[in-house]
Amino acid sequence: MEFRTRAIHVGQEPDPTSGAVVPPVHLASTFVLPAAEGPADYDYARTGSPTRHAFEAVAASLDGGARALAFASGMAATHCVSLLLKPGDHLVTGTDIYGGSWRLFNNVLTEQGVAITAVDTSDLEAVRAAIRPETRMLWIEPIGNPLMSVTDVAGCVAIARAAGVLLVADNTLATPVLCRPLELGADIVMHSATKYIGGHSDLLGGLLVARDDELGDRLHWLQNATGGVMGPLESFLCCRGVKTLELRVLAQSATAARLATWLQQQPRVCRVHYPGLSDQPGHDLARQQFHGGFGGMVSFEIAGDVAAARRVVESTKIFRLAVSLGAVESLIELPAVMSHGAYAPEARQAVGITDGLIRLSVGLEAAVDLEADLASALATLGD
Ligand SMILES: *Cc1c(COP(=O)(O)O)cnc(C)c1O
């Protein structure tokens, strides 16, 4: 079945007791067992629960994996993956990555004896050069954040395989609609389900999808041992969210592409970052790697000082000034002081997250309204 059909039907069998078309939300924390040690589908909800399983089933199908696991947040999912590493191991990550992942890697894992090297993963030579004998994991974002750099998933798979290193892709920005890293050979996909999968700014959630059962079972063991699981209400909302995922992501990508082109023509905008623009360094790769669009995230730099960028983000009316991304409503923010405040100032500069960088998460509003909103915010800067 096609992606859109699976998004609506996998794991969503009508309730056998009532015939309800939408599976119920099972809130139970514990389940009656047929015998003290007998096998049962469910025993305790940390280990597994029916509503979470419904979401995990559809999530595994959409990313093309053997097993999916739903977590309380994206960071809980990332933390669970990081437990595959031991003191003395080495992790290679991108520089253009989610600020919270950067904090976990550089401020928490380092304390636990894991060495970290951050490189520009859009440069395969840099990735190859960063691999050491102790390297155990390569962490990439197919679409980077906040600079929207494009990382060659298949190229990184080849490097990781040759070195016997696990490849994990944070696919939050690309979503399984545009890119399915497991099909390109990645070992694990991670998502913040808080973003496009939930899609409505009304839940926190995370997801891991494993390529094979062995890795899936190991991650499930770690998830059960540490306990950061997704609750039943969030699982229900994620099941609902994925039903419209493809429609939303394609529409958001189309609007983002239009706004990116328009922003390039604005005199106060000195640089636009969007993989769909033909002048971008990652554009040719993006055309091969992403299907149906280039995502709903755009960032751009304003000529002038930080105050000018602040004025713009504080002047929009439809774009709300807020972190997060991927929902139906459009958001605007300043990465240097908001989403990427966890980077040390020097690291931020080195990576290219300038003080005047503005990030947009494009929602489902009409493109003309969003364009007019940005035009009036830019107009507050004068000529
Ligand atoms: C939000 C986000 C995360 C973290 O997810 P939470 O649900 O906020 O814990 C990780 N990676 C990316 C790319 C994100 O946007």
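Both counts, for ligands and for their atoms, begin at 1 and track the order of listing. Sequence positions, counted from 1, serve as the residue numbers for this chain.
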Return a yes/no value for [X]: is any of its N or O atoms, backbone included, closer than 3.5 angstrom to an N or O of ligand 1?
X	answer
N145	no
T194	yes
E141	no
L173	no

* At the 4.0 Å heavy-atom cut-off, does G205 count as touching ligand 1? -> yes
* Asked: At what distance is the nearest protein heavy atom to atom 6 (P) of ligand 1, and which residue and atom is it?
  -> G74 N, 3.3 Å
* Please state which protein non-hydrogen atom is closest to atom 10 (C) of ligand 1 and give its distance, to 0.1 Å? -> Y98 CD2, 3.3 Å
* Asked: How long is the gap from CD1 on I159 to CZ on R161, to the nearest 0.5 Å?
  -> 13.0 Å
Proximal ligand 1 atoms for [X], defined as those under 4.0 Å from one of its heavy atoms:
X	value
L325	15 (O)
S192	1 (C), 2 (C), 3 (C), 4 (C), 5 (O), 6 (P), 7 (O)
K195	1 (C), 2 (C), 3 (C), 14 (C), 15 (O)

* Asked: Is the F290 ring parallel, tilted or perpendicular to the F294 ring (thresholds 30°, 60°)?
  -> perpendicular
* Is the number of heavy atoms from other residues, nucleotides or ligands under 6.0 Å of Q265 CD greater than 12? -> yes
